[in-house]
Amino acid sequence: MSHLIAFISGFILDLIFGDPHFMPHPVKLMGRVISLLTKSLNKGTGRRAKGLLMAVFMIVSAGGISFLILFAAYSCSNVAGIIVEAIMTYQCLAARQLKVESMAVFKALDTKGLEAGREAVSMIVGRDTKELTEEGVIKAAVETVAENTSDGVIAPMIFLMIGGPVLGMIYKAVNTMDSMVGYKNEEFGEFGYFPAKTDDVFNFLPSRISAFYMISACNMISSLDAANAYRIFKRDRRKHASPNSAQTESVAAGALHLQLAGDASYFGVVHHKETIGDPDREPERADIKRVNDLMYGTAFLGAVISALLIFASTFII
């Protein structure tokens with residue numbers, strides 16, 4: 001029951017506060033450690049083995065430190081444990097921040113124009129944004145929210161449900177490594193191999209669960225098409241180099257009747273990708289709002305199901 005209270009409290013804290021930039025955050029610390037390890041290890045020979053070494057270190061340290069913090073808190077008192085667990089749960093989730101950052105793209109386009117929109121979307125995507133059209137900026141924002149509905153919301157929620165903040169922080173370490181070094185280019189192709197593969201494994205089931213949550217959430221939002229979301233999901237869910245990314249992108253494309261993905265430039269190199277969805281209409285700024293409605297609906301559905309499963313587990317255990 002302590003785990004259930006902490007889980008619900010952490011979810012609510014995320015919805016209220018998001019990720020204020022002035023507050024310390026474990027993911028930022030993870031990013032600094034990964035950056036230092038990358039500078040030290042990503043050179044010379046044996047880069048793939050060095051990448052594996054970093055992955056193991058980050059997983060063990062993220063899980064070990066989280067366990068020690070929780071153990072110390074619950075050793076003091078049950079109340080202290082619940083408070084600490086709730087805060088750590090909150091720090092694993094990113095629904096509010098995902099909406100804030102993607103809606104910053106909408107506001108920039110709406111009030112300051114294309115250049116501001118390009119700059120705003122560059123803060124949340126890894127692709128080159130200087131040459132994007134307004135349509136490209138909108139699609140990039142929509143794709144980011146769709147993919148991170150799994151990576152930033154439902155996947156950590158699932159790991160939190162199963163193993164609390166210990167497993168939740170391990171997932172965040174894996175996901176952060178992938179976002180920083182999981183690129184198939186000359187610099188990271190070898191070093192980032194194992195971090196990227198680890199992320200693929202961790203996200204394999206959560207990305208598919210997220211897709212079904214998203215399809216179900218479409219039924220709660222009148223502007224979204226659940227039937228088309230399922231149709232495009234079945235057809236296009238494998239149209240990505242990653243085994244996981246197109247799972248939720250395909251749902252969003254179908255729900256919004258948009259064509260997403262396609263060719264994109266990374267570090268000055270154009271990568272040819274398949275398109276996802278049908279070009280039933282042109283993207284419009286309001287699509288960023290719509291995909292955030294879908295993300296929030298999915299988050300609430302995921303939280304309710306997770307809470308019910310945690311509650312049910314108290315009787316089994």
Side-chain angles (χ1 to χ4, degrees), residues 1-20 23-30 59 62-100 145 148-176 202-214 216-217 220 248 292 294-317:
M1 292 306 295
S2 297
H3 179 37
L4 176 62
I5 294 167
F7 177 85
I8 294 172
S9 300
F11 178 68
I12 293 171
L13 286 171
D14 176 58
L15 295 181
I16 295 172
F17 297 109
D19 180 18
M23 286 181 62
H25 198 287
V27 173
K28 294 177 183 176
L29 177 60
M30 290 176 190
I59 289 170
I65 292 170
S66 300
F67 174 81
L68 290 174
I69 291 171
L70 280 171
F71 182 80
Y74 274 108
S75 295
C76 292
S77 72
N78 202 48
V79 172
I82 291 172
I83 292 171
V84 171
E85 184 177 349
I87 293 171
M88 294 175 73
T89 298
Y90 152 52
Q91 291 175 324
C92 287
L93 300 171
R96 172 65 184 272
Q97 195 62 22
L98 182 56
K99 181 176 182 179
V100 167
V145 174
N148 282 283
T149 298
S150 177
D151 290 2
V153 184
I154 299 300
M157 195 179 286
I158 290 169
F159 286 107
L160 286 163
M161 174 189 70
I162 297 169
V166 174
L167 201 50
M169 288 296 178
I170 288 174
Y171 173 77
K172 297 304 291 185
V174 169
N175 195 239
T176 305
F202 269 69
N203 278 301
F204 188 83
L205 286 177
S207 65
R208 286 150 180 79
I209 293 170
S210 298
F212 281 103
Y213 282 179
M214 288 176 74
S216 300
M220 302 184 289
T248 49
N292 272 295
L294 176 57
M295 182 270 291
Y296 259 53
T298 305
F300 276 103
L301 180 60
V304 169
I305 293 173
S306 296
L308 289 173
L309 289 173
I310 294 171
F311 181 74
S313 73
T314 62
F315 297 100
I316 297 171
I317 296 171

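Keep in mind that the numbers below use all heavy atoms, side chains included, and drop hydrogens, waters and symmetry copies. Because the structure is a prediction, the values reported are computed rather than measured.
In this structure, Ile69 CD1 and Ile87 CD1 are separated by 10.5 Å, a value rounded to the nearest 0.5 Å. Summarising the geometry, atom CG belonging to Leu167 is positioned 10.0 Å from atom CE belonging to Met161; distances are rounded to the nearest 0.5 Å. Between the CD1 atom of Ile310 and the OG atom of Ser2 there is a distance of 11.5 Å, given to the nearest 0.5 Å. Here the straight-line distance linking atom CG of Leu4 with atom CD1 of Ile82 works out to 10.0 Å at 0.5 Å rounding. One distance of note links CG of Leu160 with CD1 of Ile154; it measures 11.0 Å at 0.5 Å rounding. The distance from atom OG of Ser210 to atom CG of Asn203, rounded to the nearest 0.5 Å, is 8.0 Å.
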Report task. Apply side-chain contact (heavy atoms from CB on, under 4.5 Å) to the pair Val153 and Thr298, showing each step before the final yes or no. Result -> CA-CA 9 Å; Val153 184; Thr298 305; over 6 Å; no
Requested in this report: Take Leu13 and Leu93 through the side-chain contact (heavy atoms from CB on, under 4.5 Å) test and state the conclusion after the steps.
Outcome: CA-CA 9 Å; Leu13 286 171; Leu93 300 171; over 6 Å; no
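When all heavy atoms of Ala307 and Phe7 are compared, the closest pair comes out as N-CE2, 4.1 Å. Smallest separation of non-hydrogen atoms from Pro206 and Phe159: CG-CE1, 4.0 Å. Taking each heavy atom of Ala73 and Ala80 in turn, the nearest pair found is O-CB, 3.6 Å. A pairwise comparison of heavy atoms in Asp19 and Gln97 identifies N-OE1, 2.9 Å as the closest pair. Residue Met88 comes nearest to Pro165 through the heavy atom pair CB-CB, 3.7 Å, listed as atom of the first residue, atom of the second, then distance. Here the closest heavy-atom approach between residue Gly168 and residue Cys92 is recorded as C-SG, 3.7 Å.
Listed for the Asp14 side chain is a donor-acceptor partner under 3.5 Å among the backbone atoms of Ala95. The backbone N or O of Ala6 lies less than 3.5 Å from no partner atom in the side chain of Ser9, so there is not a single donor-acceptor pair. Judged purely by atom type and a 3.5 angstrom limit, Ser66 has no side-chain atom pairing as donor or acceptor with the backbone of Gly63. At distances below 3.5 Å, not a single donor-acceptor pair connects side-chain atoms of Tyr213 with backbone N or O atoms of Gly297.
Remark: the Glu85 side chain and the His3 side chain contain an N/O donor-acceptor pair separated by less than 3.5 Å.
A 4.5 Å side-chain heavy-atom check between Met169 and Met30 finds at least one atom pair inside the cut-off. With contacts defined as side-chain heavy-atom distances shorter than 4.5 Å, the pair Tyr171/Asp151 qualifies. Taking the side chain as every heavy atom from C-beta outward, Met157 and Ile209 never approach each other to under 4.5 Å.
The only member of Phe300, Tyr90, Phe17 that meets ring-ring contact (aromatic ring centres under 6.0 Å, His included) when paired with Phe11 is Phe300.
Judged by the 6.0 Å and 45° rule, Arg208 forms a cation-pi pair with Phe204.
Between Phe67 and Phe71, the ring planes are parallel. Angles under 30° get that label, and only those over 60° would be called perpendicular.
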